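As the structure is a computational prediction, the values presented were derived from the model and not from experiment. First the proteins, then the strands, lettered A, B, ... as listed; each starts at 1.
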Number of protein chains: 2
Amino acid sequence: MSHAQNIGAASIVRDGSHEADAKSPLVRKLENLVRLSREDRAALDQLSAGARLIEPHTDLMRVGERPADAVVVLDGFACRYKHRVTGERQILALLLPGDVCDVDAPHLGRMDHAVGTLSACLVARISRDALAAIVARHPTVARALRLAKLAEEATAREWLINLGARSATERMAHLFCELLTRLEAVGLARENGCKLPITQLDLADTLGLSSVHVNRTLQELRRKGLIELRGRSLKLRDLPDVRALAEFNPPYLRPAH
Amino acid sequence: MSHAQNIGAASIVRDGSHEADAKSPLVRKLENLVRLSREDRAALDQLSAGARLIEPHTDLMRVGERPADAVVVLDGFACRYKHRVTGERQILALLLPGDVCDVDAPHLGRMDHAVGTLSACLVARISRDALAAIVARHPTVARALRLAKLAEEATAREWLINLGARSATERMAHLFCELLTRLEAVGLARENGCKLPITQLDLADTLGLSSVHVNRTLQELRRKGLIELRGRSLKLRDLPDVRALAEFNPPYLRPAH
DNA sequence: CGAAAAGTTGAACTGAATCAATGCCGGTGG
DNA sequence: CCACCGGCATTGATTCAGTTCAACTTTTCG
């Protein structure tokens, strides 16, 4: 049910020096929310410098810890999660490429939940000072981060509806719609398909279902011709129908209107 | 299942002139998070001026609306909620006396959910300008509002765990612990008891259960001697046991540590 | 190639939903 | 003051979505 989470096994992978690369997911994400200047983008790319490759199932922040710095995911899937004393794990949010975790770390006391990778991830840590500096010097970036946070809150509300009011199939359909939309926003989806580098057990702990039922629900969605999921890649074969089933309404992910 | 929500039927009840009153729940709540000066308190009491009494089941903000101002609940229970197209309602958060709703209204586009009263409520609206002014002139209040927001987010995470991972009894026990703790913080609880001015149907839509099952779960908690609930008042007869059952850990409501 | 992790399947079980009827209580009007 | 009405609470019977347990297969990866 739960994995022992280990810290470590990281190696420096990206030092911000290959500016010739495609845009970073962080820049892409924020550009959906505001118009960034060249300087804004450069500053953001600075933040992504020194990213490290982290093993799957590794904690980035532990319960009870005082978060010293924020974290950006540049590749892979991570999550916020919490274990019950009985052992069950509930995943509280998925962190995808471009997501920044705990911008308001400075105000925070102790973590009431953990943050960890699901797949292997490329992750950059942002010190409190670096964050304060960029927010002070780049008001547009500051605004984008605020908006991103609002989107995160709206997403949490959708998850509450998912867990409180939707059936297994609807939940799963909704999650897939959300993931596709969020990954599209950072250029990591094409033709209604994207990577889904997590196990059915992770999915189960996200959706509040048993892994057995996740398996059966996936089969049902496949049987209906709604999705395709082989290996670690997901495709929504009939986006309109999946959205209808899920009552998925994308605008909540763009809070600024 | 759902109620037609009406707007209106309000009358002015409090104009901020009876300073001799007990502390307002807003001041009480924020004083749990920071140390307020006399001026801070006076400014907050200004905000509560012009509060109005609102009928039960009345919308304060509608889906799709652009929120012009924030809202403070001074008495009664309100909530954030959303309806599915199938009609089910999911309550996303309970707003208790002292709670401020949508401090960041200015950044917001359109509401993705509604806000409405459950019981009759005493509610003050805070204009965008008034809010900006107080935040600018009273940094301590600004900090308190940020911390209150963090507590709200932590609460949302607990609700996710509730809906995703806890049984009906555990969920209900957890909700009651949360309510008691929050109401204690604003001086509206005594001897492990408090008002609970909402119906079993409201409770059902909060907990993601049917109203029939809420009824049976309440009976179970009563039978075990854990709670007492008559009329609209709730008492936790065995707080340690209720907390244990719910795995309730209060500190998440005090984010600053 | 072999072991461990992930996915799949079936059968039995159960927590919670649903359906439907009944009781209760507070307010309203005759 | 009582009769009636509507919303809320309660109860029983039945059904069902999702869980649990356990075995088995497939994939992944060292």
Side-chain angles (χ1 to χ4, degrees), chain A residues 1-6 9 55-58 77 84 86-90 117-120 162-173 195-223 227-234 245, chain B residues 1-6 55-57 77 84 86-90 118-120 162-173 196-223 227-234 245:
Chain A
M1 170 142 304
S2 67
H3 294 271
Q5 300 251 347
N6 57 303
E55 298 277 297
H57 299 287
T58 306
F77 279 32
R84 292 193 51 191
T86 49
E88 299 109 58
R89 172 183 63 160
Q90 177 68 42
T117 59
L118 293 171
S119 70
N162 248 5
L163 295 175
R166 285 197 259 255
S167 71
T169 356
E170 294 165 340
R171 267 180 232 193
M172 191 170 287
K195 279 274 145 64
L196 188 70
I198 64 178
T199 66
Q200 293 185 2
L201 209 146
D202 295 330
L203 229 33
D205 290 347
T206 302
L207 296 172
L209 302 169
S210 70
S211 66
V212 170
H213 200 58
V214 161
N215 186 289
R216 291 184 172 131
T217 305
L218 283 171
Q219 292 178 46
E220 187 188 333
L221 290 175
R222 279 190 277 241
R223 184 160 20 82
I227 69 162
E228 223 170 78
L229 177 57
R230 295 185 326 273
R232 309 263 100 141
S233 88
L234 170 71
L245 173 62
Chain B
M1 170 143 302
S2 67
H3 295 273
Q5 301 251 347
N6 57 305
E55 298 278 297
H57 300 288
F77 279 32
R84 292 193 51 191
T86 49
E88 299 110 59
R89 172 183 63 160
Q90 177 67 44
L118 292 172
S119 69
N162 248 5
L163 295 175
R166 285 197 257 254
S167 71
T169 355
E170 293 165 341
R171 266 180 232 192
M172 190 170 287
L196 188 69
I198 64 179
T199 67
Q200 293 185 4
L201 209 147
D202 295 331
L203 228 34
D205 290 347
T206 303
L207 296 171
L209 302 169
S210 69
S211 66
V212 171
H213 200 58
V214 161
N215 185 288
R216 291 186 172 128
T217 306
L218 283 170
Q219 291 179 48
E220 187 189 332
L221 290 175
R222 279 189 277 241
R223 184 159 21 83
I227 70 162
E228 222 171 76
L229 177 57
R230 294 186 327 273
R232 308 263 101 142
S233 88
L234 169 71
L245 172 62

In residues 215-223 of chain B, what residues come within less than 4.0 Å of DNA chain C, judged by heavy atoms?
B/Arg216

In chain order, what residues pass the side-chain contact (heavy atoms from CB on, under 4.5 Å) check against [X], with sequence neighbours excluded?
| X | result |
| --- | --- |
| B/Thr217 | B/Ala168, B/Thr169, B/Met172, B/His213 |
| A/Arg222 | A/Leu218, A/Gln219, A/Ile227, A/Leu229 |
| B/Ala120 | B/Pro56 |

As a check of understanding: the bend across the helix from C/dC1-D/dG30 to C/dG30-D/dC1, end axes from five pairs, rounded to 10 degrees, works out to 40°

Using the salt bridge (Lys or Arg N to Asp or Glu O under 4.0 Å) rule, collect all pairs that involve residues 206-215 of chain A, keeping only residues at least two apart or in two chains.
none

Contacts of type side chain to side chain donor-acceptor pair (under 3.5 Å), residue [X], not counting sequence neighbours:
| X | value |
| --- | --- |
| B/Arg230 | B/Glu228 |
| A/Ser167 | A/Glu170 |
| B/Arg166 | B/Glu158, B/Asn162, B/His174 |

With a 4.0 Å cut-off on heavy atoms, is B/Arg232 in touch with a base, just the backbone sugar-phosphate, or nothing at all?
sugar-phosphate

Under 4.0 Å, heavy atoms only, any strand: does A/Ser167 hit a base, just the sugar-phosphate, or nothing?
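The residue A/Ser167 makes sugar-phosphate contact but no base contact.
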
Quick test: give all pairs of protein nitrogen or oxygen and nucleotides 20-25 of chain C nitrogen or oxygen below 3.5 Å, distance rounded to 0.1 Å.
none

Measuring only between side-chain heavy atoms, which start at C-beta, is A/Asp205 closer than 4.5 Å to A/Glu88?
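No, too far: nothing below the 4.5 Å cut-off.
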
